**Student:** 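Quick one: this structure, given as structure tokens, is what I'll be asking you about.
Values in this document were obtained by computation on a predicted structure and should not be read as measured data.
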Amino acid sequence: MAQFWKPGTERPPLLDDDDGGILLYSASSSSSGYGYVSIEKQRQRLPVFKYRTAILYLVETHATTIVVGETGSGKTTQIPQFLKEAGWADGGRVIACTQPRRLAVQAVASRVAEEMGVKLGEEVGYTIRFEDLTDRDSTRIKFLTDGVLLREMMEDPLLTKYSVIMVDEAHERSISTDVLLGLLKKIQRRRPELRLIISSATIEAKSMAAFFHTSKKRRGLKGEDCVPKTEPAILSVEGRGFNVQIFYIEEPVSDYIQAAVSTVMSIHDQEPMGDILVFLTGQDDIDAAVRLLTEEAQNNRKSSSGLVVLPLYSGLSRADQDLVFSPIPRGKRKVVISTNIAETSLTLEGVSYVVDSGFSKQRFYNPISNIENLVVAPISKASARQRAGRAGRVRPGKCYRLYSEEYFVKEMSAEGIPEMQRSNLVSCVIQLKALGIDNILGFDWPASPSPEAMIRALEVLYSLGVLDDDAKLTSPAGFQVAEIPLDPMVSKMILASNQLGCSEEIITIAAILSIQSIWISVRGQQKDLDEAKLRFAAAEGDHVTFLNVYKGFLRSGKSPKWCNKNFVNYQAMRKVVEIREQLKRIAQRIGIVLKSCESDMQVVRKAVTAGFFANACNLEAFSHNGMYKTIRSSQEVYIHPSSVLFRVNPKWVIYNSLVSTDRQYMRNVISIDPSWLIEAAPHYYQHHHPNSIPH
DNA sequence: GAGCACTGC
């Protein structure tokens with residue numbers, strides 16, 4: 001193993017400018033790392049502190065300031081405070097700082113409240129879905145997810161209460177960040193006094209600056225000094241962290257799971273103590289690697305006995321996820337084998353070694369087939385750096401990349417493709433429409449999606465009857481659908497349930513469909529889960545099965561015990577209840593009457609059809625293997641093995657989503673009567689497929 | 001016979 005590696009010791013001379021040496025403490029993560037030092041001293045030690053004057057000057061004089069700073073520079077916690085101290089929150093104005101994730105919003109907000117010595121929810125507050133810890137009158141610094149800020153724009157399109165909006169982690173390029181940036185650019189034209197701060201990673205800074213550089217003259221006040229420069233300022237702030245030494249593989253490997261396992265073993269044999277974090281692509285890979293490592297430990301007792309191997313992915317129960325944070329016996333070494341969840345969402349302290357497979361699962365969207373796919377794809381240099389940085393949070397670390405240096409330098413792309421260009425855009429388009437953006441095709445995005453994807457989104461919205469012939473929101477349906485924070489097809493289903501008298505049931509179904517899974521996935525207990533599922537299974541399909549589970553959950557008094565017994569994920573059910581409450585409030589506000597259809601499941605199936613008619617499929621006449629074809633495009637699809645209708649194969653079904661592996665699998669399936677399709681969407685089926693549906 | 005990660009009035 002030893003000669004397998006080409007130590008990158010003599011750092012980088014040639015390549016990749018700023019790789020290798022990265023990272024830091026997270027300034028916001030905890031105060032314990034600083035020991036007895038006072039909060040004020042801690043603040044002053046952060047790299048960003050030296051730039052206080054510069055930042056305030058740039059924000060004063062420029063409409064947009066781009067701050068390039070690595071993790072641990074302190075920019076997220078400090079910049080809002082600098083702005084507040086400089087008076088940007090005077091006169092009732094508010095400083096906003098957005099994050100892509102809820103947890104980050106909460107963590108940063110409480111850190112800032114602590115530093116300022118104020119109670120969270122007063123001068124410093126935060127808003128995330130389901131939780132508003134702000135005070136209308138007293139909150140001056142507000143942290144929020146970018147999704148929440150987008151929603152706020154529906155009430156107040158110019159975001160008038162904010163004097164400065166800081167968009168953090170903009171380099172992650174999530175859909176909501178990108179949409180937000182596009183809209184903020186428009187707002188700037190109407191509100192020259194608004195200041196934007198975009199916090200971005202190194203390489204993106206220039207293209208971000210180009211995006212915000214408008215040559216357009218602002219209509220505006222005369223006195224030149226009131227009008228900030230339109231050209232964005234760029235400021236770099238160094239991070240604070242420990243060096244991470246990078247090692248590459250000499251020859252490409254064919255089996256990265258095996259390579260990862262041997263690398264872990266050789267680190268364990270040869271390197272001093274310190275936890276190991278391995279990045280693989282998904283549950284399958286991870287379970288396989290865990291198995292291999294455990295086997296190694298048995299065969300080779302001497303060297304592997306000190307390993308504690310733990311998987312980490314979002315599908316695990318909370319308890320299993322928490323295991324990776326729990327302390328292990330002295331003298332043992334923790335090995336966490338993880339998906340991308342450990343790249344940005346979860347931070348493991350104490351990791352000294354990172355093993356990077358170079359791959360992750362990524363979403364891709366094909367607007368022609370209108371199908372989103374999940375595929376294993378090479379990561380970007382930016383991701384590789386982020387992964388490496390995970391080894392240097394508390395002391396210098398090492399990162400072992402399971403690909404060659406040449407590959408990294410020559411073939412790996414600098415950044416990933418923005419999510420916007422890999423996704424279905426229906427939700428995004430309806431949101432823009434609701435904000436009065438009529439010309440979607442001409443919208444100025446930080447990264448334009450393909451025209452095909454936009455046209456497809458417009459088509460789908462038109463077929464749902466939420467856009468009219470002029471691509472304007474219909475009234476009331478279009479406006480109602482835009483109000484509901486769900487996929488427009490689900491929202492349409494809710495609207496239909498109002499007429500059909502089953503809104504109580506449909507809202508439950510909508511809430512369940514909007515979380516990943518209500519079932520516990522326990523390795524090795526698949527059979528038990530299947531049996532548990534049978535207790536709830538409904539002949540009509542998965543949607544009705546969900547209703548049975550929800551009823552059982554309520555009847556148990558929302559009992560965690562009941563959940564465990566039935567292989568139902570308790571955390572997931574609590575979330576369902578929460579989402580359901582929110583949907584109920586919104587439904588009532590937009591004029592939907594809450595009504596139960598009791599046991600009449602036919603109306604429930606009709607309501608599902610009203611939203612998802614485009615996903616209708618017909619069982620192939622002489623199919624022995626359960627092959628269906630979509631009515632829309634005659635695509636070959638199969639019922640997913642997790643569905644209660646697997647092997648039942650009703651003649652006509654509607655699916656909620658497709659999962660593509662070796663085949664296209666329909667997830668969450670319900671049986672329908674084909675005549676309902678024409679009832680629900682005459683325009684769609686009579687024009688397109690006059691012969692395929694029996695009348 | 002099988003599941004990447006986030007997120008939302």
**Student:** Rounded to whole Å, how long is the line connecting atom CG of A:Asp285 with atom P of B:dA2?
**Tutor:**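 After rounding, the gap between these two atoms is 15 Å.
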**Student:** Calculate the interatomic distance between A:Glu131 atom CD and B:dT7 atom C1'; express it in whole Å.
**Tutor:**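 Between C1' of B:dT7 and CD of A:Glu131: 15 Å.
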**Student:** Give the nucleotide from the list B:dG8, B:dG1, B:dC9 with an atom nearest to the side chain of A:Arg589.
**Tutor:** B:dC9
**Student:** Nearest-Å distance, CG (A:Leu658) to C1' (B:dG3)?
**Tutor:**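 Atom-to-atom, A:Leu658 to B:dG3, this comes out as 14 Å.
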**Student:** Over all strands shown, is A:Arg129 touching base, sugar-phosphate only, or nothing at heavy-atom distances under 4.0 angstrom?
**Tutor:**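 A:Arg129: base contact, heavy atoms under 4.0 Å.
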**Student:** Would you mind telling me which of B:dA5, B:dG1, B:dC9 lies closest to the side-chain atoms of A:Ser345?
**Tutor:** B:dA5
**Student:** Main chain of A:Gly478, side chain of A:Thr474: is a donor-acceptor contact present, judged purely on distance under 3.5 Å?
**Tutor:**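 Checked: pair present.
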**Student:** If you assign A:Trp519 and A:Gly147 each to the DNA chain B nucleotide with the nearest heavy atom, which residue ends up on the more 5' nucleotide?
**Tutor:** A:Trp519
**Student:** Look at the side chain of A:Ser314 and decide which nucleotide, out of B:dA2, B:dC9, B:dA5, has an atom nearest to it.
**Tutor:**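 Given the options B:dA2, B:dC9, B:dA5, the side chain of A:Ser314 is closest to B:dA5.
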**Student:** Ignoring the backbone of A:Gln283, work out which of B:dG3, B:dG1, B:dG8 is nearest its side chain.
**Tutor:** B:dG3
**Student:** Heavy atoms from C-beta onward define the side chain here; which of B:dC9, B:dG1, B:dG8 lies closest to that of A:Gln582?
**Tutor:** B:dC9
**Student:** With the side chain counted from C-beta on, respond yes when A:Asn615 and A:Met489 share a heavy-atom pair under 4.5 Å apart, and no when they do not.
**Tutor:** yes
**Student:** Applying a 4.0 Å non-hydrogen cut-off, can you work out what A:Ser642 is touching in the nucleic acid: base, sugar-phosphate, or nothing?
**Tutor:** base
**Student:** Kindly write out the residues that satisfy side-chain contact (heavy atoms from CB on, under 4.5 Å) with A:Ala377, not counting sequence neighbours, or none if the list is empty.
**Tutor:**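 A:Ala377 satisfies side-chain contact (heavy atoms from CB on, under 4.5 Å) with A:Gln362, A:Phe364 once adjacent residues are dropped.
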**Student:** Is A:Leu374 touching bases, backbone alone, or none of the nucleic acid, heavy atoms closer than 4.0 Å?
**Tutor:**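 Since a base atom lies under 4.0 Å of A:Leu374, the category is base.
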**Student:** When the nearest nucleotide of DNA chain B is assigned to A:Arg663 and to A:Leu103 on a heavy-atom basis, which residue is associated with the more 5' position?
**Tutor:**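 Looking at DNA chain B, the more 5' nearest nucleotide goes with A:Arg663.
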**Student:** Given the rule in the side chain to side chain donor-acceptor pair (under 3.5 Å) test, do A:Ser503 and A:Asn498 qualify, once you have shown the distances and angles that lead to the verdict?
**Tutor:** CA-CA 6 Å; A:Ser503 53; A:Asn498 194 31; 5.3 Å; no
**Student:** Mind checking if A:Glu155 touches a base, just sugar-phosphate, or nothing, with heavy atoms under 4.0 Å?
**Tutor:**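 It contacts nothing in the nucleic acid.
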**Student:** Heavy atoms only, 4.0 Å cut-off, all strands: where does A:Ser517 land among base, sugar-phosphate and nothing?
**Tutor:**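 No contact.
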**Student:** So A:Ser174, base contact, sugar-phosphate only, or nothing? Heavy-atom distance under 4.0 Å.
**Tutor:**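 No contact.
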**Student:** Going by the rule side-chain contact (heavy atoms from CB on, under 4.5 Å), which residues pair with A:Ser423 if we only count those two or more places apart in sequence or in a different chain?
**Tutor:**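 side-chain contact (heavy atoms from CB on, under 4.5 Å) list for A:Ser423, sorted by chain: A:Ile175, A:Arg363, A:Glu372, A:Glu419.
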**Student:** Tell me what A:Gln362 touches on the nucleic acid: a base, only sugar-phosphate, or nothing, going by heavy atoms under 4.0 Å.
**Tutor:** nothing
**Student:** Could you state the atom-to-atom distance from CZ of A:Arg173 to C1' of B:dC6 in whole Å?
**Tutor:** 16 Å
**Student:** Touch check for A:Thr339, heavy atoms < 4.0 angstrom, all strands: base, sugar-phosphate only, or nothing?
**Tutor:** sugar-phosphate
**Student:** Using a cut-off of 4.0 Å on non-hydrogen atoms, how would the nucleic acid contact of A:Arg363 be classed: base, sugar-phosphate, or nothing?
**Tutor:** base
**Student:** In whole angstrom, give the distance that lies between atom CZ of A:Arg151 and atom P of B:dC9.
**Tutor:**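 The distance from CZ of A:Arg151 to P of B:dC9 comes to 7 Å, rounded to the nearest Å.
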**Student:** Tell me if the side-chain of A:Asp487 makes a donor-acceptor pair with the base of B:dG8, cut-off 3.5 Å, by modelled atom types.
**Tutor:**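 Result: no qualifying N/O pair found.
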**Student:** Whole angstroms only, please: what is the CZ-P distance between A:Phe567 and B:dG3?
**Tutor:** 20 Å
**Student:** What's the CD1-C1' distance between A:Ile639 and B:dA2, to the nearest Å?
**Tutor:**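 Answer to the nearest Å: 14 Å.
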**Student:** Between atom CD in A:Glu581 and atom C1' in B:dG8, what is the gap in whole Å?
**Tutor:**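 After rounding, the reported distance stands at 17 Å.
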**Student:** Should A:Asn370 and A:Tyr365 be marked as a side chain to side chain donor-acceptor pair (under 3.5 Å) after you check the CA-CA gap, both sets of side-chain angles, and the distance that decides it?
**Tutor:** CA-CA 7 Å; A:Asn370 194 25; A:Tyr365 174 65; 2.6 Å; yes
